[in-house]
Amino acid sequence: MGVRLVYETHSVTVDNEEGVATGWLPGELSRAGRELAVELGVRRWAVDVVYASDLRRAVQTAEIAFGAGAVGGGGGTGGGGSRGTREVRLDARLRECDYGVYNGRPVREVARLRRRYVDEPWPGGQSYRDVVAATAAFLEDVRAEWQGRTVLVIAHSANRWALQHLLDGVPLEELVDALFAWRPGWEFELA
């Protein structure tokens, strides 16, 4: 028995719409992002637990999708309906890459520098390998606790790259250079 891991990107933010690479800054969901978060709650209701990055944009996505009271493991109605609750656990290991001095800079500027910071930390920040290491530690805990269950992760692009690298063997250098194409989740099996 393994763990079925479902990854979803946090909903669209004001920064996303304005072409800003938020990094470790909190971010704020846009109107469209709030609507997408509601859809996420409907689409992914049948999971056993939700883990989210503790950065504001991921927290907001989880609160809207699964109910504000569910975040941090409390109660709540979840998704605005009467389906009960889904526990939402916040985890700092699911944060976006810390771009250091580049947090809040234009995406076009950050995107052309990504490959440089696969192994070397961004000035004042971290490397993408650091994100992979944090994600690997997170996966070990999930494997230990959630065998035979379905776990939803709401996080950021760097975390998806880490999952694809760790679980599908895709080179990190390829992932950081690929164009982002939104889709309703990625699924992985943790043996």
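Just so we're clear, the structure is a prediction, and the values are computed from it rather than from any experiment.
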query = Linking Ile, Leu, Val, Met, Phe, Trp and Tyr by side-chain heavy atoms under 4.5 Å, what else ends up with Leu55?
reply = Trp24
message = Rounded at 0.5 Å granularity, tell me how far CG in Leu113 sits from CD in Glu120.
response = 10.5 Å
ask   = Within a strict 4.5 Å, meaning less than it, do heavy atoms of the Asp168 and Phe188 side chains meet?
value = yes
key: Residues in salt bridge (charged side-chain N to carboxylate O under 4.0 Å, His left out) contact with Arg129, at least two apart in sequence or another chain   = Asp119, Glu173
task = Output the distance between atom CZ (Arg114) and atom OG (Ser157), rounded to the nearest 0.5 Å.
result = 7.0 Å
query = So, do Val49 and Arg149 sit near enough that their side-chain heavy atoms are less than 4.5 Å apart?
reply = no
query = Can you name the side chain to side chain donor-acceptor pair (under 3.5 Å) partners of Ser30, sequence neighbours left out?
reply = Glu17
task = Return yes if some donor-acceptor pair links the side-chain N/O of Arg57 with the main-chain N/O of Pro26 below 3.5 Å, else return no.
result = yes
query = Nearest 0.5 Å, what's the CG-CD distance between Leu152 and Glu187?
reply = 10.0 Å
side-chain contact (heavy atoms from CB on, under 4.5 Å) partner of Leu40, chosen from Thr9, Thr61, Val50 = Thr61
remark   = With sequence neighbours left out, the residues meeting side chain to side chain contact (heavy atoms under 4.5 Å, CB included) with Val20 are Asp15, Glu18
ask   = With sequence neighbours excluded, what pairs up with Leu25 under the side chain to side chain contact (heavy atoms under 4.5 Å, CB included) test?
value = Thr22, Asn103
request  = Check the side chains of His156 and Ser53 for a donor-acceptor pair under 3.5 angstrom, ignoring hydrogens and angles.
outcome  = yes
note = The salt bridge (charged side-chain N to carboxylate O under 4.0 Å, His left out) partners of Glu28 (sequence neighbours excluded) come to Arg34
key: Tyr102: partners by ring-ring contact (aromatic ring centres under 6.0 Å, His included), with sequence neighbours left out   = Trp122
message = Going by the rule salt bridge (charged side-chain N to carboxylate O under 4.0 Å, His left out), which residues pair with Glu96 if we only count those two or more places apart in sequence or in a different chain?
response = none
inquiry  = If we count only N and O atoms by modelled type, under 3.5 Å, do the side chains of Gln147 and Arg143 hold a donor and an acceptor together?
reply    = no
request  = Find out whether Asp177 and Arg115 are in side-chain contact, i.e. whether some heavy atom of one side chain is under 4.5 Å from a heavy atom of the other.
outcome  = yes
Pair Tyr51, Arg89: side-chain N/O donor-acceptor within cut-off below 3.5 Å = yes
task = Not counting sequence neighbours, which residues clear salt bridge (charged side-chain N to carboxylate O under 4.0 Å, His left out) with Arg95? List them please.
result = Asp54
ask   = Side chains of Val6 and Val153: closer than 4.5 Å at any heavy-atom pair?
value = no
task = For the residue pair Phe66 and Trp45, establish whether any side-chain heavy-atom pair is separated by less than 4.5 Å.
result = yes
inquiry  = Can you confirm whether His10 sits close enough to Asn16 that some side-chain heavy atom of one is under 4.5 Å from a side-chain heavy atom of the other?
reply    = yes
ask   = So, for Cys97 and Tyr128, which heavy atoms are closest and what is the spacing to 0.1 Å?
value = CB-CE2, 3.7 Å
query = Linking Ile, Leu, Val, Met, Phe, Trp and Tyr through side-chain heavy atoms less than 4.5 Å apart, which residues share a cluster with Val12?
reply = Leu36
request  = Apply side chain to side chain donor-acceptor pair (under 3.5 Å) to Ser11 and list each qualifying residue two or more places apart in sequence or on a separate chain.
outcome  = none
For Arg105, all residues meeting side chain to side chain donor-acceptor pair (under 3.5 Å), sequence neighbours excluded = Glu109
ask   = Hey, mind stepping through Leu175 and His165 against side-chain contact (heavy atoms from CB on, under 4.5 Å) and telling me if it holds?
value = CA-CA 8 Å; Leu175 294 164; His165 176 69; 4.1 Å; yes
